[in-house]
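What follows is a short report on a single structure.
No hydrogens, no waters, no symmetry mates; every other heavy atom, side chains included, goes into these values.
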Amino acid sequence: CVVHVDGTSIKSCTALALSCEGADVTTIEGLAKDGKLHPMQEAFRENHGLQCGFCTPGMIMSAVDIVNRKGNDLDEQTIRHELEDNICRCTGYHNIVKAVAAGAQAMK
């Protein structure tokens with residue numbers, strides 16, 4: 001349930017809608033532009049990071065935020081630490097970590 005509010009990722013499930021009034025809110029659907037997937041979305045597709053779909057939007061939105069805060073050259077330990085709060089029911093973290101690293105590079 002991660003969205004970006006004024007460029008910062010938050011858990012939308014714990015935010016009051018009224019508190020976002022007037023803010024720039026971006027959801028997973030808002031990352032794609034003109035029918036073209038965002039580089040992080042494409043990296044998840046290409047690296048099989050799209051498990052069952054339960055965690056995918058939150059993982060991708062968090063990953064974009066990580067790159068925006070930490071830069072494009074992310075090591076595995078940093079990615080895993082930054083994604084600690086995102087739960088994957090399929091335990092498919094290996095491909096998710098690969099996807100985040102690839103997406104970070106593609107966002108350069």
Side-chain angles (χ1 to χ4, degrees):
C1 63
V2 177
V3 298
H4 295 170
V5 176
D6 292 331
T8 302
S9 67
I10 67 162
K11 291 185 178 182
S12 62
C13 58
T14 61
L16 294 173
L18 188 58
S19 70
C20 297
E21 185 175 355
D24 180 32
V25 178
T26 305
T27 65
I28 187 72
E29 294 83 5
L31 286 182
K33 300 290 183 214
D34 300 320
K36 184 173 167 61
L37 292 176
H38 184 279
M40 191 61 73
Q41 291 172 308
E42 187 65 33
F44 267 70
R45 188 184 67 78
E46 289 176 358
N47 290 279
H48 308 289
L50 304 168
Q51 304 295 319
C52 72
F54 174 79
C55 71
T56 302
M59 290 287 189
I60 292 172
M61 296 301 284
S62 293
V64 170
D65 182 65
I66 293 165
V67 174
N68 289 339
R69 288 183 296 106
K70 302 273 185 179
N72 301 90
D73 297 317
L74 301 171
D75 61 29
E76 181 178 344
Q77 181 180 356
T78 299
I79 294 169
R80 288 183 180 277
H81 175 73
E82 290 288 325
L83 291 177
E84 279 179 349
D85 294 333
N86 294 61
I87 297 171
C88 173
R89 290 179 173 182
C90 300
T91 66
Y93 292 98
H94 180 71
N95 285 341
I96 290 169
V97 171
K98 280 180 24 183
V100 173
Q105 290 299 306
M107 287 174 64
K108 282 186 174 180

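A 4.5 Å side-chain heavy-atom check between Gln41 and Arg45 finds every atom pair outside the cut-off. Looking at Ile60 and His38, their side chains never come closer than 4.5 Å, going by heavy atoms from C-beta outward. Contact of the Thr27 side chain with the Val3 side chain is registered, since non-hydrogen atoms from C-beta on lie closer than 4.5 Å. Counting only heavy atoms from C-beta outward, the side chains of Glu82 and Asp65 never approach each other to under 4.5 Å. Within the 4.5 Å cutoff, no side-chain heavy atoms of Met59 are placed close to those of Gln51. By the 4.5 Å heavy-atom criterion applied to side chains, Ile96 and Cys55 are counted as neighbours. At least one side-chain heavy atom of Leu83 sits less than 4.5 Å from a side-chain heavy atom of Ile66.
A donor-acceptor pair is defined here as one N or O able to donate and one able to accept, closer than 3.5 Å; such a pair exists between the side chain of Asp6 and the backbone of Asp24. Of the possible polar contacts, none joining the Tyr93 side chain to the Arg80 backbone as a donor-acceptor pair under 3.5 Å is found. Under the 3.5 Å distance criterion, the side-chain polar atoms of Ser9 are left unmatched by any main-chain donor or acceptor of Ser62.
The residues Asp75 and Lys70 are annotated as not salt-bridged, no charged nitrogen and carboxylate oxygen being separated by less than 4.0 angstrom.
Expressed to the nearest 0.5 Å, how far SG of Cys13 lies from CD1 of Ile10 amounts to 9.0 Å. Here the CD1-NZ distance, from Ile79 to Lys98, works out to 12.0 Å after rounding to the nearest 0.5 Å.
Heavy-atom minimum distance, Met107 versus Asn68: CE-OD1, 4.0 Å. The two residues Met61 and Leu31 make their nearest non-hydrogen contact at SD-CD1, 3.5 Å. Residues Ala102 and Asn47 come closest through the heavy atom pair CB-ND2, 3.5 Å.
Within 6.0 Å of NZ in Lys108 there are more than 12 heavy atoms belonging to other residues, nucleotides or ligands. Heavy atoms from other residues, nucleotides or ligands lying under 6.0 Å from CZ of Arg69 number more than 12.
Note: the hydrophobic cluster containing Val64 also contains Val97 (ILVMFWY, side chain heavy atoms under 4.5 Å, direct or indirect links). Residue Leu37 is not grouped with residue Phe44 when hydrophobic side chains (ILVMFWY) are merged at heavy-atom distances under 4.5 angstrom, including chains of intermediate members.
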